[in-house]
Participant: 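Dropping a structure here in structure tokens format, bear with me for questions.
In what follows, chains are A, B, ... by sequence order, proteins preceding strands, each numbered from 1.
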2 protein chains.
Amino acid sequence: MNQNVFDDPRITAVGLLVEAHAGLSARFAAQLEEHGLSSVEFEVLTRLARSPGNQLRMTDLAAQTSLSTSGVTRVVDRMERDALLCRRACPNDRRSSYAVVTQAGLERLDDVLPGHLRIIEQWFTGQLDPPALAALLDGLRQVRDAVHPGATAGSTDLPPHLARPRDEDPVT
Amino acid sequence: MNQNVFDDPRITAVGLLVEAHAGLSARFAAQLEEHGLSSVEFEVLTRLARSPGNQLRMTDLAAQTSLSTSGVTRVVDRMERDALLCRRACPNDRRSSYAVVTQAGLERLDDVLPGHLRIIEQWFTGQLDPPALAALLDGLRQVRDAVHPGATAGSTDLPPHLARPRDEDPVT
DNA sequence: ATCCAACGTTTGCGCCAGCAACTATAGCTA
DNA sequence: TAGCTATAGTTGCTGGCGCAAACGTTGGAT
């Protein structure tokens, strides 16, 4: 085993990405926990809250998160028990059901988001001057586009899966 | 709920980091699986292989990975069963034991590393021209140094799994 | 020498997630 | 209409992991 392999700049690069991600994720999780949310639950809340009618079908929710459909079933179970969202039958397709954020869920999100944004700024975006941040984000975007097929979409936000015009009623 | 919140550039930035990381991780996992390794096992192998004597104490291994000590116990159990490493009593401290990579473990690593490096180059470092890559890595390093608990020692009280006052990370 | 607090590791338990099997519905084809 | 296949969601099972308790060990204090 050649020791120098581990000094390969490619290994170093991956290490930086992984550690930056892990460090940020840990900070997020710590703040979310103060509000009684897991990272997954937070992601579910945001995905729903930004969707038309504050709702998504279970399958679409699974596609927008890193969860399988069975994982979504169980997260939604827990969050429904905690009154953060509720299931609603789909009128057109009796196989489907929507997960809909409740008022309590939206309020929880309102509680969490300011601190969440503050953390991003404190530990991530605020760590670099604007040109350096822009360069970082350009690089990340290029890697993301390469590695995440289907993530193209508008240059807008997280959900690459907006390219999933699954159902109708475009509210916003 | 204000819809514009989700278009906040800070949210976008985090989304890019998370998706780039998730995409790369998925590629890594796919290749590792071809060689019968999980990501955690690969990390354990690399951490041990680059340590003096190809060995680390369980606690130190836990500090260098994202695992708790109990997690390390179990991953070492599995890898010992698969003959990728073995435990060895610490002569100076009978509480401690070393995890030592076996020849088979080193060979497995040799099998995996070329493809691993190829994947990094194909989907990450090779996606950008050298100056852009340097800028990306500089940015990541700055964020890493900020969020990395070891680098910000003494400033905050962190959850136990974040508090890693050790020399954990010879990677970068 | 004894005590005791801290340490290293393992183990019991519970949570969470994925896979695959299952049920129910939808939609096409003839 | 009947039949076949694809789809949406849930559930049984399993494995991985963290927390906290347990156990042995260490090293310092008295």
Participant: CZ of A:Arg88 versus C1' of D:dA8: gap in Å, rounded?
Facilitator: 17 Å

Participant: Is A:Phe28 close to B:Val18 at the side-chain level, that is, under 4.5 Å between some pair of heavy atoms?
Facilitator: no

Participant: Tell me, do A:Asp129 and A:Leu133 make a side-chain contact under 4.5 Å, heavy atoms counted?
Facilitator: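 Not touching, per the 4.5 Å side-chain cut-off.
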
Participant: Rounding to an integer number of Å, can you tell me how far B:Leu61 CG sits from C:dT10 C1'?
Facilitator: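 Taking CG of B:Leu61 and C1' of C:dT10, I get 15 Å after rounding.
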
Participant: Main chain of B:His35, side chain of B:Arg108: is a donor-acceptor contact present, judged purely on distance under 3.5 Å?
Facilitator: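 Between the backbone of B:His35 and the side chain of B:Arg108 there is a qualifying donor-acceptor contact (under 3.5 Å).
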
Participant: Output the residues of residues 67-83 of chain A in contact with DNA chain D, where contact means a heavy atom of the residue under 4.0 Å from an atom of the strand; sort by number or write none.
Facilitator: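 A:Thr69, A:Ser70, A:Thr73, A:Arg74, in order of number.
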
Participant: So what is the 5' to 3' dot-bracket string for DNA chain D, if pairs are Watson-Crick or G-U wobble with both distances under 3.5 Å, crossing pairs use [ ] and | means the partner sits on another strand?
Facilitator: ||||||||||||||||||||||||||||||

Participant: Reckon B:Ser38 touches a base, only the sugar-phosphate, or nothing at all at heavy-atom distances under 4.0 Å?
Facilitator: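 Counting heavy atoms under 4.0 Å across all strands, no contact is made by B:Ser38.
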
Participant: Respond yes when some side-chain nitrogen or oxygen of B:Arg87 is under 4.0 Å from OP1 or OP2 of C:dG8, and no when none is.
Facilitator: no

Participant: Under 3.5 Å, is there a donor-acceptor pair between the side chain of B:Glu80 and the main chain of B:Arg87?
Facilitator: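 Yes, the answer is positive, given that a donor and an acceptor are paired below the 3.5 Å cut-off.
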
Participant: Round to the nearest Å and state the distance from B:Leu56 atom CG to C:dG8 atom P.
Facilitator: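 The answer, rounded to whole Å, is 14 Å.
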
Participant: Under the salt bridge (Lys or Arg N to Asp or Glu O under 4.0 Å) rule, collect the residues that match up with A:Glu33, sequence neighbours excluded.
Facilitator: none

Participant: Report which part of the nucleic acid B:Ser39 touches: base, sugar-phosphate, or nothing (heavy-atom distance under 4.0 Å, all strands).
Facilitator: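 Counting heavy atoms under 4.0 Å across all strands, no contact is made by B:Ser39.
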
Participant: In whole angstrom, give the distance that lies between atom CG of A:Asp93 and atom C1' of C:dA24.
Facilitator: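 So the two atoms are 10 Å apart, to the nearest Å.
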
Participant: Applying salt bridge (Lys or Arg N to Asp or Glu O under 4.0 Å) as the test, list every pair that has at least one member in residues 90-103 of chain A; sequence neighbours left out.
Facilitator: A:Asp93-A:Arg95

Participant: Nearest of D:dA8, C:dT10, D:dG9 to any side-chain atom of A:Arg95?
Facilitator: D:dA8

Participant: For residues 41-60 of chain A, which residue pairs qualify under ring-ring contact (aromatic ring centres under 6.0 Å, His included), counting only residues two or more places apart or in two chains?
Facilitator: A:Phe42-A:His116

Participant: Run the side chain to side chain donor-acceptor pair (under 3.5 Å) check on A:Arg57 and A:Ser96 step by step: do they pass?
Facilitator: CA-CA 7 Å; A:Arg57 300 183 330 155; A:Ser96 296; 3.3 Å; yes

Participant: Which whole-number value in Å describes the distance from A:Arg57 CZ to D:dT10 P?
Facilitator: 12 Å

Participant: Can you name the residues that form a salt bridge (Lys or Arg N to Asp or Glu O under 4.0 Å) with A:Glu41, not counting sequence neighbours?
Facilitator: none

Participant: Hey, does the side chain of A:Arg94 come within less than 4.0 Å of D:dA8's phosphate (OP1/OP2), counting only N and O?
Facilitator: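 Answer no for this pair, as no side-chain N or O of A:Arg94 is under 4.0 Å from OP1 or OP2.
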
Participant: Whole-Å distance between D:dG18 P and A:Glu33 CD?
Facilitator: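 Answer to the nearest Å: 14 Å.
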
